[in-house]
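Reading through the C-alpha cells given below for one structure.
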Amino acid sequence: MSSIEIPLRQPFNLAESLASGQAFRWRRKGRAFTGVVCGHLLTLRQQGDTLLAASPDLPDDALAALVPSYFRLDDDLSAIYEELRQDPRAWTAIQANWGLRLLRQDPWEALATFICSSASNIPRITRNVATLCRRYGERVSLNGTAWRAFPSPGALSDAGARALWRAGLGYRADYLADTARSIASGEIDLSALRQADYASAKKELLRLPGVGVKVADCALLFSLEKLNAFPVDRWVLRAVQDWYFEGGHVTEKQIHQWAEERFGPHAGYAQQYLFHQRRTEGRGATPTE
DNA sequence: CCACGGCCTGATTC
DNA sequence: AGAATCAGGCCGT
C-alpha cells in the first residue's frame with residue numbers, strides 16, 4: 001500500500017471531475033473516491049490544494065505518475081480558461097464548475113462505456129458497466145471489497161453478444177461484442193490512435209459497430225488526446241441551440257464546424273463545461289420557452 | 001447531406 | 001393503470 005500527496009497548482013475539483021459524466025466507475029464514501037484506473041485500484045481525496053492518492057498495489061513513483069496523468073495535470077488549465085474566457089457562456093460555465101478536469105482514461109474502457117451509453121441514462125450506464133466488471137473483469141484487490149478492473153476486449157469478446165445482452169445492455173450488446181472482437185483481434189489498435197491526427201483517428205473509430213460520431217468524439221476527447229473533439233449529445237445540442245443560436249435549428253454538422261471556429265484546439269474543454277452546466281443548471285440563462 | 005423511424009430497457013409522466 | 005415519452009445514439013432507408 002502506497003500513498004502520496006500531490007500538490008495542485010491549478011484549478012482542480014476532484015468531486016466535479018469524477019461526477020461529470022466522463023467516467024462511470026467511481027464510488028464515493030464521504031470525501032473519498034475509490035475506483036480502478038488502468039487496472040489499478042485507487043482511492044483519492046482532495047484537501048484544498050492537495051490531492052491525496054493511495055493504491056494497494058502501486059509503488060509510490062508509479063502512483064505519482066498515474067494520477068497526474070489521469071487528471072491531465074499536464075494541461076495548463078489556467079491558460080485554457082483564459083482562452084475560453086472571451087466566450088461569455090463558456091466563461092459562465094467555467095466559473096460555475098471551477099476546476100473540472102477532463103480525464104485521460106484508458107481508450108478501451110472509454111470506447112466501450114460510451115458504446116453502452118447510447119440512448120441510455122447515467123444510472124443505467126453505471127449499472128451496466130458495473131455488471132460487466134463484476135462478471136468479466138479481473139479481480140483487482142484481495143482485501144476488503146472485491147473490486148474488478150474493466151474487462152478486456154478479449155474478455156467481452158469471449159463472453160459473446162448473448163451474455164452481454166443478459167448483462168442488461170439491450171441492443172448495444174451486439175455492438176459491444178463485435179467491437180470487442182475487432183479490438184481483441186488487433187484489427188484496430190486503439191493506442192496507436194493517440195498519435196494519429198483527429199480526422200484519421202475518428203475515421204478509424206467510425207468503422208466499429210456501435211460507434212457513431214458522438215461516441216467516437218467521446219473516446220477521442222476522454223482517452224485519445226484529441227482536445228479539439230466536441231461531442232454533441234442531446235444536452236450539448238440543446239445548450240448550443242439555446243445559448244448561441246437563439247433556440248433555432250442547428251444540425252450536428254453545423255455545430256462541429258462552429259465549435260472548431262469558435263473554440264479552436266481546446267474545444268473539448270468548452271464542450272465539457274457547457275455540457276455540465278446544462279445538466280446541472282438546466283436551461284438557466286434562457287428566459288423564454 | 002439531411003430527416004426519419006426502429007431499437008432494449010427502465011424510469012417518469014400523463 | 002397502461003400507454004407514451006425520454007434517456008448522454010446508431011443504423012438503415
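The structure presented is a predicted model; accordingly, all values stated were derived computationally and were not measured. Below, chain A is the first sequence line, B the second, and so on; all start at residue 1.
Between the CZ atom of A/F230 and the C1' atom of C/dG8 there is a distance of 14 Å, given to the nearest Å. The CG atom of A/D174 sits 12 Å away from the C1' atom of C/dC10 (whole-angstrom rounding). Between the CG atom of A/L176 and the C1' atom of B/dC7 there is a distance of 17 Å, rounded to whole Å. For the pair A/L169 CG and B/dC7 C1', the computed distance is 14 Å after rounding to whole Å. When rounded to the nearest whole Å, the span between CZ of A/R279 and C1' of C/dG8 equals 7 Å. Atom CD of A/Q271 is separated from atom P of C/dG8 by 13 Å (rounded to the nearest Å). What separates OH of A/Y171 from C1' of B/dC8 is a distance of 7 Å, to the nearest Å. Per the geometry, CG belonging to A/L206 stands 12 Å off P belonging to B/dC1, to the nearest Å.
A/Y175 contributes no side-chain N or O that forms a donor-acceptor pair with the base of C/dG9 under 3.5 Å. With hydrogens and angles ignored, no donor-acceptor pair closer than 3.5 Å exists between the side chain of A/R172 and the base of C/dC10.
Of the residues in residues 247-266 of chain A, those lying under 4.0 Å from DNA chain B by heavy-atom distance are A/H249, A/T251, A/K253. Of all the residues in residues 103-129 of chain A, A/A119, A/R124, A/R127 reach under 4.0 Å from DNA chain B with at least one non-hydrogen atom.
Ion pairing between a basic and an acidic side chain is recognised when a charged N comes within 4.0 Å of a carboxylate O; A/D217 and A/K226 show no such pairing. Salt-bridge formation is not detected for the pair A/K214/A/E252: no Lys NZ or Arg NE/NH1/NH2 atom is positioned less than 4.0 Å from an Asp or Glu carboxylate oxygen. Ion pairing between A/D242 and A/R278 holds under the 4.0 Å rule for side-chain N and carboxylate O.
At distances below 3.5 Å, at least one donor-acceptor pair connects side-chain atoms of A/W108 with backbone N or O atoms of A/P151. A distance-only check finds a donor-acceptor pair linking the side chain of A/Q10 to the backbone of A/L77 [under 3.5 Å].
A ring-centre distance under 6.0 Å is not found for A/Y136 and A/F150.
Scanning both residues, A/S3 and A/L63, for their nearest heavy atoms gives CA-CD2, 4.3 Å. The two atoms that bring A/E109 and A/V36 nearest to each other are OE1-O, 4.5 Å, heavy atoms only. Smallest separation of non-hydrogen atoms from A/L8 and A/L51: CD1-N, 3.8 Å.
The aromatic rings of A/W91 and A/Y81 stand perpendicular to each other, their planes meeting at an angle above 60°, with 30° marking the opposite boundary.
Residue A/W165 places at least one side-chain N or O closer than 4.0 Å to OP1 or OP2 of B/dT9. For A/R234, a side-chain nitrogen or oxygen approaches OP1 or OP2 of C/dG9 to under 4.0 Å.
Residue contacts shown for A/G170 include a base, since a base heavy atom lies under 4.0 Å away. Residue-level contact check: A/G21 touches the bases, meaning some heavy atom is under 4.0 Å from a base atom. If you check every strand for non-hydrogen atoms under 4.0 Å, A/V236 touches nothing. Residue A/L208 is in sugar-phosphate contact alone, with no base atom involved, counting any heavy-atom pair closer than 4.0 Å across all strands shown.
When only modelled atom types and interatomic distance are considered, A/H266 and A/E83 share a side-chain donor-acceptor pair under 3.5 Å. For the residue pair A/Y244 and A/D87, a side-chain donor N or O sits within less than 3.5 Å of a side-chain acceptor on the partner. Side-chain atoms of A/Q254 and A/T251 form a donor-acceptor pair, as typed in the model, at a separation below 3.5 Å.
Comparing B/dC2 with C/dG8, their C1' atoms are spaced 22 Å from each other, to the whole Å. Between B/dC8 and C/dA1, the two P atoms lie 29 Å apart (nearest whole Å).
Stems are defined here as 3 or more consecutive Watson-Crick or G-U wobble pairs with pairing distances under 3.5 Å; those involving DNA chain C are B:3-7 with C:9-13, B:9-14 with C:2-7.
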